[in-house]
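Inspection log for the structure reproduced underneath, given as structure tokens.
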Amino acid sequence: MAESSRCETFVFLDLEATGLPNAYPEIAEISLFAIHRFSLEHPERDESGALQLPRVLDKLTLCMCPERHFTPKASEITGLNNQNLTNNHKPGFDSTVIKTLQQFLKRQESPICLVAHNGFDYDFPLLRTELQRLGTDMPEGTLCLDTLPALRGLDKAHHHSTRASHGKSYSLGNLYRQYFNDEPKAADLAEGDVYMLVMVFLHRAPELLQCFDDEAQSWDDIQPMYTPTTRRPSTLLWTLLS
DNA sequence: TGCCAGGCCCTCTTTAGGGCCTT
């Protein structure tokens, strides 16, 4: 349950990683769009009335080379692999990434709420694992919201289940296709998935913002996906709160 | 290190099983 009844900045998040939870994945790409509550409450539209991505937002996308090898499927889906990341001399998820994230989040008005699709079961536990590997964590008071159970819950409450009524799934791509009658944009690139996540959120923003109190959780309640090994002891004392 | 998930939802359910959702 949310510790605060109001969040000022929503940071939409997507991770590309070396595999699914059963593969003890490591993050290979992270993308975040930070959007203030104002832009979600006052969505922008073009001449035809179609929803637009908010003009004022902060973006951050970083690629990093994991130590673990990609599963073949993960590499196929993301277009990333250890070779092309190494060829581009990308370091791993290290203290530089943490510092960049810290600076990015510090620019946003707090409280901050992280938003991801299936975030409670994938993105948030994996991000917490990587942060714990470096002995750090998100800023105190961070909240998080998963659009997958939130949208399922809204549809169930309104008795118009997307899947039941149209045979569609709640995958991010299918939700985008259904809401905007358009094919997914740059799916499986982290930034493309965050774009679709923001647009899906905007389509249901009044309802999602209203149900925030019931659906959001404290970051402190997110359990790491697995117990990480500590391989960079020099970063152990560094924290986001420092 | 690990070599592999797991919580949630739906229904031909509840004494269960199958599929979704994330890479």
Side-chain angles (χ1 to χ4, degrees), chain A residues 1 12-32 61-85 90 92-93 114-130 132-133 144-179 184 186-198 200-201 204 211 214-217 221-233:
Chain A
M1 192 66 69
F12 296 84
L13 161 75
D14 186 66
L15 304 176
E16 304 300 328
T18 57
L20 291 174
N22 59 348
Y24 298 89
E26 292 181 15
I27 298 172
E29 187 179 26
I30 184 170
S31 186
L32 308 99
T61 299
L62 299 171
C63 287
M64 54 212 77
C65 186
E67 293 188 359
R68 186 174 296 279
H69 286 283
F70 284 75
T71 65
K73 190 66 177 178
S75 188
E76 174 190 334
I77 289 173
T78 65
L80 297 172
N81 54 64
N82 300 84
Q83 189 64 57
N84 62 13
L85 289 164
K90 293 300 179 188
F93 193 101
L114 302 179
V115 183
H117 198 65
N118 202 29
F120 288 155
D121 284 337
Y122 189 78
D123 299 84
F124 301 147
L126 177 53
L127 180 58
R128 193 150 207 207
T129 294
E130 294 282 32
Q132 286 196 352
R133 196 193 303 277
C144 43
L145 178 68
D146 186 339
T147 48
L148 177 59
L151 290 171
R152 278 177 170 159
L154 284 173
D155 287 345
K156 188 178 179 181
H158 297 164
H159 303 292
H160 60 80
S161 168
T162 306
R163 186 177 166 201
S165 58
H166 301 290
K168 302 290 186 183
S169 77
Y170 279 84
S171 70
L172 184 59
N174 275 328
L175 289 171
Y176 181 85
R177 189 180 292 110
Q178 181 193 346
Y179 291 169
D188 299 317
L189 274 70
E191 189 168 331
D193 283 343
V194 179
Y195 168 80
M196 288 195 294
L197 176 61
V198 172
V200 164
F201 190 100
R204 306 287 297 271
C211 77
D214 293 329
E215 297 292 341
Q217 290 187 14
D221 293 333
I222 299 298
Q223 297 301 310
M225 185 177 285
Y226 56 95
T227 302
T229 55
T230 304
R231 58 172 181 258
R232 301 181 185 93

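Every chain is numbered from 1, with letters handed out A, B, ... down the list of sequences.
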A:P21 side chain, from C-beta outward: closest of B:dT22, B:dT23, B:dC4: B:dT22
Upstream residue (5' side of DNA chain B) when A:T227 and A:N118 are each assigned their closest nucleotide: A:T227
Nearest-Å distance for atom pair CG/C1', residues A:D146 and B:dG7: 11 Å
Rounded distance in Å between the P positions of B:dG18 and B:dC12: 15 Å
Residue list, salt bridge (Lys or Arg N to Asp or Glu O under 4.0 Å) with A:E191, at least two apart or on another chain: A:K59
Sugar-phosphate only, base, or nothing, as touched by A:D14 at under 4.0 Å among non-hydrogen atoms: sugar-phosphate
Nucleotide nearest A:D121 (side chain, heavy atoms from C-beta), chosen from B:dC4, B:dT23, B:dG6: B:dG6
Atom-to-atom span, OH of A:Y24 to P of B:dG2 - whole angstrom: 10 Å
Residue list, ring pair (Phe, Tyr, Trp, His ring centres under 6.0 Å) with A:F12, at least two apart or on another chain: A:F201
Atom-to-atom span, CG of A:D193 to C1' of B:dT22 - whole angstrom: 10 Å
Spacing between A:L15 atom CG and B:dT23 atom P, to the nearest angstrom: 9 Å
Side chain of A:S169 (C-beta onward), nearest among B:dT23, B:dC4, B:dC20: B:dC20
Among B:dC10, B:dC3, B:dT23, the nucleotide that comes nearest once only the side chain of A:T78 is considered: B:dT23
A:N118 backbone acceptor or donor facing A:D146 side chain under 3.5 Å: yes
Flag, side chain of A:N84 to backbone of A:N81, donor-acceptor distance under 3.5 Å: yes
Whole-Å C1' distance, B:dC3 and B:dT23: 15 Å
Distance, C1' atom - from B:dC9 to B:dT14, rounded to whole angstrom: 14 Å
Nearest-Å distance for atom pair CD/C1', residues A:E67 and B:dG2: 14 Å
Nearest-angstrom distance from the residue atom CZ of A:F70 to P of B:dC3: 20 Å
Spacing between A:K156 atom NZ and B:dC9 atom C1', to the nearest angstrom: 8 Å
Touch class at under 4.0 angstrom, heavy-atom based, for A:I77 against every strand present: base
Nucleotide B:dC21, atom P - distance to NE2 of A:H117 in whole Å: 7 Å
Minimum heavy-atom distance A:E26-A:R68, with the two atoms named: OE1-N, 3.5 Å
Pairwise C1' distance, B:dC21 and B:dT15 [rounded to whole Å]: 29 Å
First of A:S171 and A:Y226 reached from the 5' end of DNA chain B, by closest nucleotide: A:Y226
Touch class at under 4.0 angstrom, heavy-atom based, for A:L172 against every strand present: sugar-phosphate
Spacing of the C1' atoms in B:dC4 and B:dT22 (rounded, Å): 16 Å
Which nucleotide in B:dT22, B:dC21, B:dG2 has an atom nearest any side-chain atom of A:R152: B:dC21
Check: A:D14 main-chain N/O paired with A:H117 side-chain donor or acceptor under 3.5 Å: no
